[in-house]
Each structure stands twice: as structure tokens, then as C-alpha cells.
Amino acid sequence: MSHWRPLPGTLDTHAQCLTEELRVLKERTGLSLDGLARKTPYSKSAWHRYLNGEKLPPRSAVVALGQVAGADLERLLAVYEAAYRARNAPAPVSAAAVPAPPTPPAPLPAERTGPVRKILRGAGVLRTAGALVALTALVATMGAAASIVQIPARGERTDEHASAACHGHRCQGRYPWRFGCNRDARAESTHVGTTYTVRLRFSPSCGTVWSEVQPRSGGAQKVSIWVGRDARLTSHPRGREGLAVSPMLATSDLGQAVACAKVTDRVACTGAVELTAPVHHTDGDGFPGPKFVERVMR
């Protein structure tokens with residue numbers, strides 16, 4: 001029987017339940033972490049992080065362990081979904097952060113009613129609208145960790161009016177927000193670095209995956225998505241500040257998907273391959289290529 005380390009005190013109740021459930025399933029298999037890595041698309045180091053509560057596992061990893069252990073997948077995924085929702089829910093807005101409703105203007109003398117009253121009433125509406133805009137911006141900012149939305153340039157079609165206009169291989173090589181694929185997208189796996197966050201995104205309606213990187217300093221130079229030997233890449237030689245995404249790849253096998261990004265002097269991957277390393281310019285441009293991904297996926 002494995003000797004587990006205590007779970008981090010920062011874990012919420014749902015994440016603790018999921019981690020403990022995964023530990024029970026791992027014990028049921030009788031496999032070591034090496035054996036579990038050979039039976040699933042995830043590395044020994046990835047399972048070490050998942051089973052010690054250091055990182056919330058992607059849905060596909062939970063399914064992979066459940067299948068190896070012969071678990072009730074419906075029940076297991078219910079535990080996972082609760083942990084995922086709790087981890088990605090926006091923080092509640094405190095009462096102090098909500099602007100107080102405007103104080104109604106004092107009644108005017110009878111001789112100054114009419115046009116003047118209409119002007120003041122209009123100003124009250126404007127103050128209310130300003131408070132609503134401020135509150136909306138606050139909530140949107142607090143929810144940015146759960147879902148970051150690419151704002152298209154003026155003249156492009158926005159997500160509010162877009163529909164999923166493609167599916168599967170018809171989406172291949174295209175960008176998710178142009179076809180509404182990011183409307184139902186979820187983060188299958190996330191790597192958080194000190195200066196950037198890399199996510200593996202999946203859209204059930206489009207049946208596609210893509211890579212998303214949000215630098216906090218510097219700029220994204222390359223963003224790629226891999227499924228087996230198939231890949232798509234976007235390059236920004238001068239570095240792209242703000243959110244950057246790769247084109248999409250069609251897949252139904254999330255266990256083979258890898259999202260990678262190069263930000264300044266670091267390379268990070270998440271998904272079937274968990275990697276973070278400094279750029280070695282002696283190895284080409286230091287960015288993972290087909291041979292690298294093929295080797296680590298064996």
C-alpha cells in the first residue's frame with residue numbers, strides 16, 4: 001500500500017474528494033506510478049502531481065485511471081465535474097465591491113419642475129448605468145481565470161452572434177473564435193508558470209482542441225497544438241502580448257493532445273505531455289518538434 005503525503009491545506013473540499021478517490025483507484029490497480037504511466041497517456045511525474053493534489057487532473061486522465069481500475073465512470077466523472085466547477089468558479093463579489101445605488105435627487109420646487117426634472121432623472125439613469133458597467137467589468141475580471149475570451153478586432157464577427165459553423169476536420173487549421181468553437185470550450189489541462197499560463201482547450205460542439213497561452217510578462221512567440229503526429233502552429237516572431245491561441249485540430253482522443261507555448265525564454269507544454277524548461281538555442285529554436293513529441297508520447 002502506498003504511503004501518501006498529506007494533501008495541501010489550500011485544496012477545497014471537492015478537490016480533496018477527487019484526489020482521495022483517485023488514490024483509492026490507484027491502489028485498486030496495484031500499479032506503481034511507473035506502471036500507471038505505461039497504462040495511460042500520462043507520465044509518472046504528471047500522476048505524482050495529480051495524486052498529491054498539486055494539480056487538478058484533466059478529465060481524460062480521470063477517465064484513463066477509471067478505466068484501468070474498472071471504476072464506475074459516471075460516478076467518478078460526477079466527482080470530477082464538482083471539483084472542476086469549484087476550481088474554475090469566479091470569486092464571489094463582496095458587498096463592499098458593489099456600488100451603492102444612487103441617491104434619488106431631492107424634490108425640486110414647484111416652479112423648477114418640467115425640463116429640469118427630466119434632466120436630473122436622465123442623470124440618475126446615467127449614474128445607474130455607470131454602476132452597472134463597473135460591476136460587469138469587475139465580475140468579468142474576476143472570472144478571467146475560468147474562461148478568457150478573445151476580443152476580435154472591429155468588424156469581425158463576435159462570439160455573441162457566432163454559431164459553431166464547423167465540426168471535426170472542417171475546423172482543422174482554423175481559429176476557434178471565428179467559428180464559435182470557444183463558446184463551449186473547457187480547459188482540459190492547465191500549466192501555470194510564473195509569467196504565463198498555458199491551457200489545452202477542447203470544444204465538444206466542434207470536436208476540436210487548441211492551445212491557449214496568456215503571458216503575464218513578455219510575449220508569446222510560438223503556440224502549438226499536437227495530436228499524435230499531427231500539429232498546428234502559430235508564430236509571433238516579435239512576441240504577442242495578451243492572449244494567443246493556436247489553430248484547431250480535430251480529435252476525439254483527448255489523451256493524445258498536447259498544448260505547447262514558447263514565451264520569452266521558457267517552453268511549456270500541458271496535456272498528454274507535461275513539460276516546462278528553458279529555451280536551449282543550441283537545439284534549433286528550442287521549441288518542441290515532431291520528433292520530440294513522438295518520443296515522449298511512446
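Just one of Gln16, Arg23, Glu21 meets the side-chain contact (heavy atoms from CB on, under 4.5 Å) condition when paired with Thr19; it is Arg23.
Annotation: side chain of Glu212 is in contact with side chain of Leu243 (closest heavy-atom distance under 4.5 Å). Side-chain contact check for Thr208 versus Phe202: every heavy-atom pair is 4.5 Å or farther apart. By the 4.5 Å heavy-atom criterion applied to side chains, Val198 and Cys260 are not counted as neighbours. With a 4.5 Å cut-off on side-chain heavy atoms, Arg232 and Asp230 count as touching. At a threshold of 4.5 Å between non-hydrogen side-chain atoms, the residues Val62 and Leu76 count as touching.
Inspection of the Ser203 and Trp210 side chains reveals no N or O donor paired with an N or O acceptor under 3.5 Å. Arg266 and Thr276 are linked by a side-chain donor-acceptor pair at a separation below 3.5 angstrom, with hydrogens and angles left out of the test. Defined by atom type and a distance below 3.5 Å, a donor-acceptor pair is present between the side-chain atoms of Tyr42 and Ser60.
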Open item on the list: Lys55 vs Ser189, test: side chain to side chain contact (heavy atoms under 4.5 Å, CB included). Steps then yes/no.
Closed with: CA-CA 9 Å; Lys55 182 178 180 181; Ser189 183; 3.7 Å; yes
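Enclosure of atom CZ in Arg75 is not indicated, since only 12 or fewer non-hydrogen atoms of other residues, nucleotides or ligands lie within 6.0 angstrom.
Sorted pairs that involve residues 29-38 and meet side-chain hydrogen bond (donor to acceptor under 3.5 Å, both in side chains), not counting sequence neighbours, are lacking altogether.
Under the rule for a side chain to side chain donor-acceptor pair (under 3.5 Å), Thr251 has no partner lying at least two apart in sequence or in another chain. With sequence neighbours left out, Arg174 forms a side chain to side chain donor-acceptor pair (under 3.5 Å) with no residue at all.
Checked against the 2.5 Å cut-off, the SG-SG distance between Cys166 and Cys171 falls under it.
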